S.K.: 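Sharing a structure with you now.
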Amino acid sequence: QGILKEVWDDETSVSMLGNRLKKVVQNYQAMNKYGVKVSGPGGVASRAKLSGPKLLCRLKAEVDVSTVTSDLQPFSSLPWASQLPSKQLTSDLGPFRSCAVVSSAGSLRSSGLGKEIDAHDAVRFNRAPTSGFENDVGSKTTIRLVNSQVMASDAHRFLSSSLYSSGTLVAWDPAPFSADLTQWYNRTDYPIFTQYQRYRMLHPLQPFYILQPRFEWQLWQQIQDNMAEPIQKNPPSSGLLGTVMMMSLCEVVHVYEFLPSRRRTELCHYYQRFYDAACTLGAYHPLLYEKNLVKRMNQGPDRDIYTHGRVTLPGFNRLNC
Ligand code: C5P
């Protein structure tokens, strides 16, 4: 059973990384930019490892995929409140039957997964293009999840590029761990709200939601609670945020090349000639641990991971907890 050794090990630890990356990850693990308060076992392997079904139920119970609405403080008293949606993403969108979460990993190159992905509703991330890569990543974008850094960077032409104009947009920005919406509004990582307002003026008809930062930290807590070592005190990557978001919108979720297939490579993104193992293993984000969690929840065979980089997760509505 050679493939078993080559698919993602759900107990991958920072100690298994190469020296350079180990130092980078340990550096992030020693920082606490967002003032995370660790509760529970926090780094001690005292809790029994949960089975996949138990983990799925824990996630469903503890993580609330919520978005910012116009009736919430401080937005309700701001002049541009009416630009925000009045309802939650999860009440406006879906339910979808089957969804594809398309990571931006370099291992999607030459995968030929495009047709398979296009048979789903699909979520893509940040500046990942489809044009020119249809054969490997498909062409359908139902939702695009963007971080505030991409929204704010001049290089990524968020306001003017047609890359962002199909489907529904969802944005996120890391908030201090214990901040309420007002404190976050006054201290965002990147100017998410000025860019949101500008984008809405230019594209008033495209649906555009903003994730509540408490969702990010609830998910972070679930990762930490289920790991035997302290994880980076930074929000989960877009890939995991999008995966859990789709679990609340879809009956079945297929995640592509989040757990690397046999095409595993140090090529960071399928759309760019840049090599760094940190893209797959994490530096700022607790990506290694996110992948451990996803591996434990996977309901598909290891062979799917090996050949297609494919993980199968149930939608939250399909779980009997
Ligand atoms: O780099 P970016 O955040 O835009 O990529 C989208 C997501 O795809 C990441 O947040 C991460 O979860 C996943 N990814 C990965 N391995 C890579 C590149 C991206 O798992 N090599």
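As the structure is a prediction and not an experimental result, all values here were calculated from the model. Atoms within each ligand, like the ligands themselves, are counted from 1 in listed order.
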S.K.: In terms of atom number and element, which parts of ligand 1 are under 4.0 angstrom from non-hydrogen atoms of F258?
M.R.: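 Going through ligand 1 atom by atom, the ones under 4.0 Å from F258 are 12 (O), 20 (O).
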S.K.: Give the residue and atom name of whichever protein heavy atom lies nearest to atom 8 (O) of ligand 1, and the separation in Å to one decimal.
M.R.: S104 N, 3.4 Å
S.K.: Side chains of S261 and E257: donor-acceptor distance under 3.5 Å anywhere?
M.R.: yes
S.K.: Would you say the ring centroid of W172 lies under 6.0 angstrom from that of F215?
M.R.: no
S.K.: Only heavy atoms count here, so choose which of A277, C279, G309 is nearest to atom 16 (N) of ligand 1.
M.R.: C279
S.K.: Quick one: nearest non-hydrogen protein atom to atom 3 (O) of ligand 1, plus distance?
M.R.: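 Looking at atom 3 (O) of ligand 1, the protein heavy atom closest to it is N126 ND2, 3.3 Å.
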S.K.: Judged by modelled atom types alone, do S66 and R214 share a side-chain donor-acceptor pair under 3.5 Å?
M.R.: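 On atom types as modelled, these side chains qualify, holding a pair under 3.5 Å.
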S.K.: Tell me: protein heavy atom nearest atom 13 (C) of ligand 1, and distance?
M.R.: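 Protein heavy atom with the smallest distance to atom 13 (C) of ligand 1: S103 CB, 3.9 Å.
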S.K.: Check the pair W220 / N234 against side chain to side chain donor-acceptor pair (under 3.5 Å), numbers first and verdict last.
M.R.: CA-CA 8 Å; W220 180 90; N234 295 321; over 6 Å; no
S.K.: Give me the nearest non-hydrogen protein atom to atom 20 (O) of ligand 1 as residue plus atom name, then the distance to 0.1 Å.
M.R.: K291 NZ, 2.8 Å
S.K.: Tell me, do I223 and E290 make a side-chain contact under 4.5 Å, heavy atoms counted?
M.R.: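 In short, these two side chains touch, coming nearer than 4.5 Å.
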S.K.: Relative to atom 18 (C) of ligand 1, which among C268, P260, G239, G106 owns the nearest non-hydrogen atom?
M.R.: C268
S.K.: Would you say Y271 and ligand 1 have an N/O pair spaced under 3.5 Å apart?
M.R.: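 No, there is no polar N/O contact under 3.5 Å.
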S.K.: Side chain or backbone of E290 under 4.0 Å from ligand 1, or both, or neither, by non-hydrogen atoms?
M.R.: neither
S.K.: Considering the options T243, L55, D10, which one meets the side chain to side chain contact (heavy atoms under 4.5 Å, CB included) requirement together with M297?
M.R.: L55
S.K.: Show which atoms of ligand 1 fall inside a sub-4.0 Å distance from at least one heavy-atom site of T280.
M.R.: 16 (N), 17 (C), 21 (N)
S.K.: When you measure from atom 11 (C) of ligand 1 to every protein heavy atom, which one gives the shortest distance, and what is it?
M.R.: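 Scanning the protein heavy atoms, the shortest distance from atom 11 (C) of ligand 1 goes to S237 OG, 3.8 Å.
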S.K.: Under a plain distance cut-off of 3.5 Å, with no hydrogens placed, do R198 and Q195 share a side-chain donor-acceptor pair?
M.R.: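 Yes, side-chain donor-acceptor contact under 3.5 Å.
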S.K.: If I apply the N/O under 3.5 Å rule, does H269 come out as touching ligand 1?
M.R.: yes
S.K.: Against heavy atoms of S238, which atoms of ligand 1 measure under 4.0 Å?
M.R.: 10 (O)
S.K.: Under 3.5 Å, is there a donor-acceptor pair linking the side chains of Y190 and N147?
M.R.: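 Result is no, nothing qualifies.
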S.K.: Just by distance, no angles: are the side chains of Q206 and Y199 close enough, under 3.5 Å, to form a donor-acceptor pair?
M.R.: yes
